[in-house]
Every structure is written in structure tokens, then in C-alpha cells.
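Every chain is numbered from 1 and lettered A, B, ... according to where its sequence line falls, protein lines coming before strand lines.
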2 protein chains.
Amino acid sequence: MQQVIGIDLGGTNLRVAVVNEEGNIMEEKSTPTDSSRGPEAIMEDMIRFIKDFQKIYPINGVGIGSPGPLDAKAGVILNPPNLPGWERVPLTKQISDAVDLPVFLENDANVAALAEATSGAGVGYESVYYITWSTGIGGGFVLDGKLQPGAAGYAGEIGNMIVQPGGTKYATLNPGALEAVASGTAIGLEGKRQLGIEGGAEAVFNLAQKGNTEAKRIIDDAIHNLAIGIANITFALDPSLFILGGGVMQAEDELLTSLHEKVTSILYEGQTVDMKKATLGGKAGVIGAAQLAFK
Amino acid sequence: MQQVIGIDLGGTNLRVAVVNEEGNIMEEKSTPTDSSRGPEAIMEDMIRFIKDFQKIYPINGVGIGSPGPLDAKAGVILNPPNLPGWERVPLTKQISDAVDLPVFLENDANVAALAEATSGAGVGYESVYYITWSTGIGGGFVLDGKLQPGAAGYAGEIGNMIVQPGGTKYATLNPGALEAVASGTAIGLEGKRQLGIEGGAEAVFNLAQKGNTEAKRIIDDAIHNLAIGIANITFALDPSLFILGGGVMQAEDELLTSLHEKVTSILYEGQTVDMKKATLGGKAGVIGAAQLAFK
């Protein structure tokens, strides 16, 4: 049986795992990314971990999931806000040269989409649209078990979809972009603006759970805006399943139900859509990255 | 070489053609649909045309494109507004029984998408999103030459995508749906409401060409709204090419340029998207329908 290495290069932690063809993790190592050390030190960690694994397992390739923006085809990390100090780093070439294996790169949302579609909540579904509802909002589309990154790698960049034209402007995104009006960051900023509270989305969810109607309305608005995004993707593409992951999804048990009801209310009468929570949690990064190397 | 029959069942005309594997029309017959005759009379015309062609050509199958709603998998026409009197007509079964050939059915926008992707403006592109900008707005997605109708046949129903939440409500569509704020019908209704003119979208385009600034603004709004829809699909899917067909696209030579500029202004800096006009015109219906039978 083939084994490959999946690497989840996150802003907080670096996780490196040996994964088999069934998508199971054989063994895993991790370390804080500590991005202030710069790319060279972090790549040295990756290479050391890979070489350690190569002593024990026959390894056929390496897949890496990383925050974007990046050039997946060229294997180059551009300048991710979550990896300060990284600037046009030719990641796959440097790792490949050091460990003598083919190395593949994709952005973290696409990698999570691939993992959930092939080994998580999406097993058995023909087409899966994965959405991470977290600090930001991103996604990825997997058809017949194959990631569809799009013509220039922009598929899944749903955080920049306009769902409220002329709405809240945030970072470099469009006014009223999905991420600006529905993300965890957006919920936290509205909590500060409308209620004067610090503590981000978590504080808003806590207040809502105590019955605060304004906090509830902030969350309902975010759900409504995300529902527009999901319904619009359904009209464009009609995937067999949406999978929802990310930190905001963990905030309340009933969120998926509320979101599903709202999406259904926007669809045609009689039209339905399947939606599930992601099941792989923190493991999605290494499992999905490994899938890149199995192709 | 294989030959099949492609049928374009339109609200106005019924076109039946013999098409070869290269997507070329060998011979074609057409007649006014005259839908007041009812489905039986129209199906009799179809069967007669097919039998006439069977005497001359070896025919391997039949594909039919029809206005929706319909159940493509079951081969049943439901109750299209453009085919009054049709109500749950088991079209493929009735035709298949009569001519002893396999018969396939798809909605007209999907059929046009398939035609343009495989034989028209999309030749050589990996993934094509086709949009018909006409009285209504519809579309279809073709990946690697294969139509992607979606899990339940709703892919391409982009006329119901919400691009202006709380905006104009039209027919059974969502308030602010793409078709309600960007279609030829929408342009015509705004012309009537804002300028008091009859004559639909054509009258608004005529006024705009004479320099009327309000008419120009109505058209600019429609372009802006369609651009949001196209940009949103790009963020979700990033197709290699958009193809724009339909009557409104014929109204002005510069429409595609204006639309492309507007879409680009919504995309990320540095992100681009290819857009072309449809090239097959009225032939798309029979050519795309034939493709259904070649699979």
C-alpha cells in the first residue's frame, strides 16, 4: 500500500503526517509554526520531519496545504497574511530538492475540501462544495473525488462573492463581500459596533445564548448572508452536498439547522440541498494534503 | 461516422436536425411550434421528421432541448410557461416508443451550453460557463466537454441567484434575483417604470443609443447586476471561459466589453476572466441536443 506525507502548514501549527491510501493517519508530528522564525527555519522543520518518516516508512510523495495567496501550479507561496515574512517562497522546489520526492501544494481551504470530500462527511457524494466558516470564509469544490481549483486557482474564493452590494467593506474584499458580512470577524466587528463589546464572535455568541436579542440579530444577519452565498452556489452549480467546517460552525449546535432552513427558503419551491458538518476537524489539513500526492 | 438527431423544441419554432459527430448539421427541418395545438400534435411532427430522416440516414439516437421546468432524468416535461398546455408530458418515452431509438432530454439553456462549449466559442477551453442573457437569464456548466446538470438538475438556474437582496421582485423568483434585475424583461420593465416607454428592452436600447442618459443608466444597472452574478460564479468556480448568448447580447456591440470591464473591477487585483460571445446563434439548440445523444 502506498504511503505519502501530508503537511498542514498553518499560521499557528505545523503538522506533518504519514497517510495511507485509505486516508488514515499512520503517524504524525507537529510543532508550533512560530512564523517569526521565517520560512527557512520552518522549511528545515518540514524537511527534518519528512526525513525522519522516510527512515521508517516507504514514502511516495508529499502534499502541502498552506494559507493563500499562493501559486499552486508553480508551488510558490506568495505573501500570506497568516505567514508574515513569507514572500514568493518556492516551497515545493526547496522541499523536493531536499527529500527527493514529488511535492504538491494547494491552499488550505481546497485541501480541507479534498479531505472532507474523500475521507470525511462527503464520502459517497458525487460533488461536494466545502465551506470553512471561520475568522474568514473560504471553500473548495470537489467533483468525483477530484479537486476543481478552477482555471487560475480561484475556485472556492467565495469570501469575496458579493452578497450585499454596497455593504460592509473589509480588508481588500468587495463591499458587501460574503466574508465581510458573515465571517467570524464580521460577527465580532458588529458586536463591537452595535453592542460595544470586545471578544469577537465568541462574545457575541455568548451574549446571544444568554438571550440578548441584539446579539441574536447579529448572528441571524450573518446566517442570512451566508445562506445567500450557499443558495447562489446552488443555483450556479447544484452540488450533491455542502460541507460546513471552521470555528464558527462549532459555536452552536443549531447553527447548521438555522442555516439549512434559510438556504431552503431561498431555493425554488420543492428544491432541496444537502448540508453536513465537517467531521475531520484538525486532521483535515494533513489528510487533504496527502490526497494531493496520491493523484 | 455516427449521426444522431437534435431537436430544439422552442416556444416559437420546432427544429429537427441530423447532426454528425463533429457537430455539423447534415440536414434540418423546422416548423412553427404553435403550442396551442397541444403536445400530441407537436410530438407527431417530431416523430414524422425523425422517421423521414431515418429513411435517408442511419440514426443512432435523439436528443431534445426544451424549455423548463422538466425532469431530465425521467425525460418528462413538467409545465413550461413557454409551452402552454404541456403538463407532465413523458416526452422521451413517447418519442422513443415511436421511433425505436434512445431519446435524451435537457433544458434549453443546458443544451445551448453544451453546444457552445463543444462546437462553438468554447472549443479548446477546459471548463465553460454559458449564460443566456435574454428575456430571462439562464445558464449551464460544461467541464471537459461534459454537461454538469448538478445533483438535481438545478445547475445553471442562475436567474434566481440573489444579487440585490430586497430588490425587485419578479414572477416566482427571489427579490433581487439576477433575472429580476438584469434580464431583458427587467430592462423593459424599468424603461416603462422610469421613462414611461413601452417596447421592452429594445426600446430602452434604442433610446440609449440616441443619448438618453436615463436609458443608459437602466442598461448600466443591468450590466452591473449581471457582472455581480458573473464575478460571484468566478469566485465559486473559476471557469476557463464564460460564453454569453441570448437576445440582449445582440443589442449592442460594446456590451461584452462593458460587462467584462465591470466583472474585472469586482475580481481580485490581478485576477482575470475570459468572456466571449456565443457563436452558434439559432443552431445551438439542435447541435447541443444532438450532443446529448452522443454520450
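Proximity to chain A (any heavy atom under 4.5 Å) is restricted, for B:Gln148, to the side chain, taken from C-beta onward. Looking at A:Phe141, only its side chain comes within 4.5 Å of chain B, counting heavy atoms on both sides. Residue contact with chain A, scored on non-hydrogen atoms closer than 4.5 Å, is absent for B:Leu178. Contacts of A:Ala152 with chain B are made by both backbone and side-chain atoms, with heavy-atom separations under 4.5 Å. Heavy atoms closer than 4.5 Å to chain B are found nowhere in A:Pro69, neither backbone nor side chain. The part of B:Ile233 that comes within reach of chain A is its side chain, from C-beta onward, which places non-hydrogen atoms under 4.5 angstrom from that chain. For chain A, the nearby parts of B:Ser240 are the backbone and the side chain; heavy atoms of each come within less than 4.5 Å. Interface remark: A:Glu126 contributes no atoms to any contact with chain B (heavy atom separation under 4.5 Å). At a 4.5 Å heavy-atom cutoff, the contact between A:Tyr129 and chain B is made by side-chain atoms alone. Heavy atoms of A:Ile158 lying under 4.5 Å from chain B belong to its backbone as well as its side chain. Of the atoms belonging to A:Leu173, it is side-chain heavy atoms, and not backbone ones, that fall under 4.5 Å from chain B.
Contact count against chain B (heavy-atom pairs under 4.5 Å) is highest for A:Gln271 among A:Glu269, A:Gln271, A:His224. Highest contact tally toward chain A, considering only B:Thr272, B:Ile228, B:Leu241, is held by B:Ile228 [criterion: heavy-atom pairs under 4.5 Å].
At a threshold of 4.5 Å between non-hydrogen side-chain atoms, the residues B:Tyr268 and A:Asn160 count as touching.
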